[in-house]
**Q** 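Below are the structure tokens for one structure; questions will follow.
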Amino acid sequence: MIKKILKWTGIVFLLLTIVLVVTVSLRQNLRYDAPYPDLHASADSAVVARGKEIVWGAGHCADCHSVMNVDSMLNLGIEPALSGARKFALPFGDIYSMNITPDKETGIGGFTDKEIARSLRYGVHPDGTAVFDFMAFHDVADEDLTAVISYLRSRPAVRNEVPEHRLNAIGKTIKAFMVKPVGPSGPVPERMQRDTSAAYGRYLAFNVAECNGCHTMRDMTGGFIGEPLAGGRPMESEDGISPALTPPNLTTDSSSRLFGWSQETFLKRFRQGKIIPYSHMPWNSYSRMSENDLKALYNFLKSLPPSKTGALKKK
Ligand code: HEC
Ligand code: HEC
């Protein structure tokens, strides 16, 4: 009797496993639909310059799309190629950043402007599959998104074959059931007034620089659970040796790291770049932000309500 039950349990288990494996593999390349933003790259030098400012500054593209020593090259006046292939070794597999130079075969040269715009705004690759949500540029204004694409188009094509992502069994299961395209959180502005207002600072913090991504508490699945910018979850070091670092509270609470910081202190800290060498924060990119933008960021952070780290959102 027991033997029979065990046998049938075994068979049922085997069948379920087969069904799961088949479902997971069938769901690896699900296609999604999303609108194509009506944006066109421009060769206008002011537009390209604005794109360059975002790419090497607030947008910190180089932190993920280059494996070179970007900062020393920029200091020498050389613009490094954003030829990708940076590996993110995650518990569910290895993900590689894309070559975003205009190379036709290994980069984005074969994508149209609208395809690049859709990918960044709606998280849908040109072939319709979902983009892994590493980049939170879903709410970047039309004008700035156009500027970024215009800058990428203005750079020389660099051939660099990026390895395919390698997902393990957990990664494939996550991809099959949980990875979906992420799009804008609301209506996307056409353009932003670039002044030092808290409104522009908020746009930089949430839509372009992604301060929010690290400095807000998340649950285990990555969903935001804390008050915005009131301090994030400790981050393990990439080398696995250095201690974990915690993105501090940036609100106006007395426990905030920014409590008592003047605008001058804030600007000075950002100009210094990375101090803790293994910090995850893209300090060096941010250190290239304009004085105007840093002032806007400061004014926005000073307009936040005081919140304690880890505090739950009030419903
Ligand atoms: C936190 C890391 C990170 C940052 C910052 C980042 N990227 Fe990416 N990017 C990635 C990864 C990883 C992929 C590959 C995603 C995938 O294949 O699903 C990618 C893919 C892309 C793609 C290709 C999308 C497609 O459909 O194939 C473009 C274009 C792109 N990034 C542009 C940018 C630009 C422009 C910036 C800066 C404004 C930027 N990225 C900043 C990690 C990053
Ligand atoms: C990829 C994650 C990440 C992002 C994005 C990020 N931070 Fe941080 N931040 C950290 C971590 C980790 C620390 C603690 C280690 C350190 O000081 O470098 C930190 C520290 C800080 C500090 C304290 C610095 C000091 O010297 O005491 C300030 C201020 C700060 N972040 C502001 C910001 C602002 C503003 C943004 C957006 C423009 C931002 N951060 C984006 C992870 C991040």
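Keep in mind the model is a prediction, meaning the values are calculated, not measured. In this chain, residues are counted from 1 in sequence order. Whatever order the structure lists them in is the order used to number ligands and atoms, beginning at 1.
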**Q** Check whether any heavy atom of Ala205 sits under 4.0 Å from an atom of ligand 2.
**A** no
**Q** Which residue and non-hydrogen atom of the protein lie closest to atom 15 (C) of ligand 1, and at what distance in Å?
**A** Val131 CG1, 3.9 Å
**Q** Is Trp283 close to ligand 2, meaning an N/O of one under 3.5 Å from an N/O of the other?
**A** yes
**Q** Which atoms of ligand 2 are found less than 4.0 Å from any heavy atom of Thr246?
**A** 14 (C)
**Q** If you measure from each non-hydrogen atom of His65 to ligand 1, which part falls under 4.0 Å: side chain, backbone, both or neither?
**A** side chain
**Q** Calculate the angle formed at atom 8 (Fe) of ligand 2 by NE2 in His215 and SD in Met281; 10° precision is enough.
**A** 180°
**Q** Do any heavy atoms of Ile54 fall under 4.0 Å from ligand 1?
**A** no
**Q** Checking a contact table here: which protein heavy atom is nearest atom 18 (O) of ligand 2, and how many Å away?
**A** Ser279 OG, 2.7 Å
**Q** What atoms of ligand 1 come within less than 4.0 Å of a heavy atom belonging to Phe111?
**A** 25 (C), 27 (O)
**Q** Closest non-hydrogen protein atom to atom 27 (O) of ligand 1, residue and atom name please, with distance?
**A** His125 ND1, 3.0 Å
**Q** Under a 4.0 angstrom heavy-atom cut-off, which atoms of ligand 2 come close to Arg269?
**A** 24 (C), 25 (C), 26 (O)
**Q** Among all protein heavy atoms, pick out the one at the shortest distance from atom 37 (C) of ligand 2; state its residue, atom name and that distance to 0.1 Å.
**A** Cys211 SG, 1.9 Å
**Q** Under 4.0 Å, heavy atoms only, figure out whether ligand 2 is touched by the backbone of Arg257, its side chain, both or neither.
**A** side chain
**Q** Among all protein heavy atoms, pick the one closest to atom 24 (C) of ligand 1 and tell me residue, atom and distance.
**A** Ser119 OG, 3.1 Å
**Q** Which residue from Glu210, His165, Met135, Lys175 reaches closest to atom 17 (O) of ligand 1 through any of its heavy atoms?
**A** His165
**Q** Distance under 4.0 Å to a non-hydrogen atom of Leu258: what atoms of ligand 2 satisfy this?
**A** 29 (C)
**Q** Taking a cutoff of less than 4.0 Å between a non-hydrogen atom of the residue and any ligand atom, is Val148 in contact with ligand 1?
**A** yes
**Q** Please report which non-hydrogen protein atom sits nearest to atom 14 (C) of ligand 1, along with the residue it belongs to and the distance in Å to one decimal place.
**A** Tyr96 O, 3.7 Å
**Q** Write out the residue and atom name of the closest protein heavy atom to atom 38 (C) of ligand 1, then the distance separating them to 0.1 Å.
**A** Cys61 SG, 2.5 Å
**Q** Give me the nearest non-hydrogen protein atom to atom 11 (C) of ligand 1 as residue plus atom name, then the distance to 0.1 Å.
**A** Ser97 CA, 3.8 Å
**Q** Looking only at heavy atoms, is any part of Val55 under 4.0 Å from ligand 1, and if so is it the side chain, the backbone, or both, or is it neither?
**A** neither
**Q** Considering heavy atoms of the protein only, find what lies nearest to atom 1 (C) of ligand 1 and give residue, atom and distance to 0.1 Å.
**A** Cys64 SG, 2.7 Å
**Q** At a 4.0 Å threshold, what atoms of ligand 2 neighbour a non-hydrogen atom of Ala209?
**A** 38 (C)
**Q** Once the angle between the rings of Tyr203 and Tyr200 is folded into 0 to 90°, is it parallel (under 30°), tilted (30 to 60°) or perpendicular (over 60°)?
**A** parallel
**Q** Measure Phe137 to ligand 1 on non-hydrogen atoms and call it side chain, backbone, both or neither using the 4.0 Å cut-off.
**A** side chain
**Q** Counting each atom of ligand 2 from 1 as listed, which ones have a heavy atom of Leu297 under 4.0 Å away?
**A** 38 (C)
**Q** State whether Cys214 contributes an N/O/S atom found under 2.8 Å from atom 8 (Fe) of ligand 2.
**A** no
**Q** Check Leu74, Asp71, Asn284 against Trp56 for a side chain to side chain contact (heavy atoms under 4.5 Å, CB included) and give me the one that passes.
**A** Leu74
**Q** List every atom of ligand 1 that sits less than 4.0 Å from any heavy atom of Leu120, numbering the atoms from 1 in the order shown and giving each element.
**A** 30 (C), 32 (C)
**Q** With a cut-off of 4.0 Å, which atoms of ligand 1 are near a heavy atom of Pro126?
**A** 26 (O)
**Q** Taking only heavy atoms of Leu250 into account, list the atoms of ligand 2 that are under 4.0 Å away from them.
**A** 28 (C), 29 (C), 30 (C), 32 (C), 33 (C)
**Q** How close does the nearest protein non-hydrogen atom get to atom 23 (C) of ligand 1, and which residue and atom is it?
**A** Met98 CG, 3.7 Å
**Q** One residue to check: Phe206. Relative to ligand 2, which of side chain, backbone, both or neither has a non-hydrogen atom less than 4.0 Å away?
**A** neither
**Q** Considering only the protein, which heavy-atom contact is closest to atom 20 (C) of ligand 2, and what is its distance?
**A** Pro248 CD, 3.4 Å
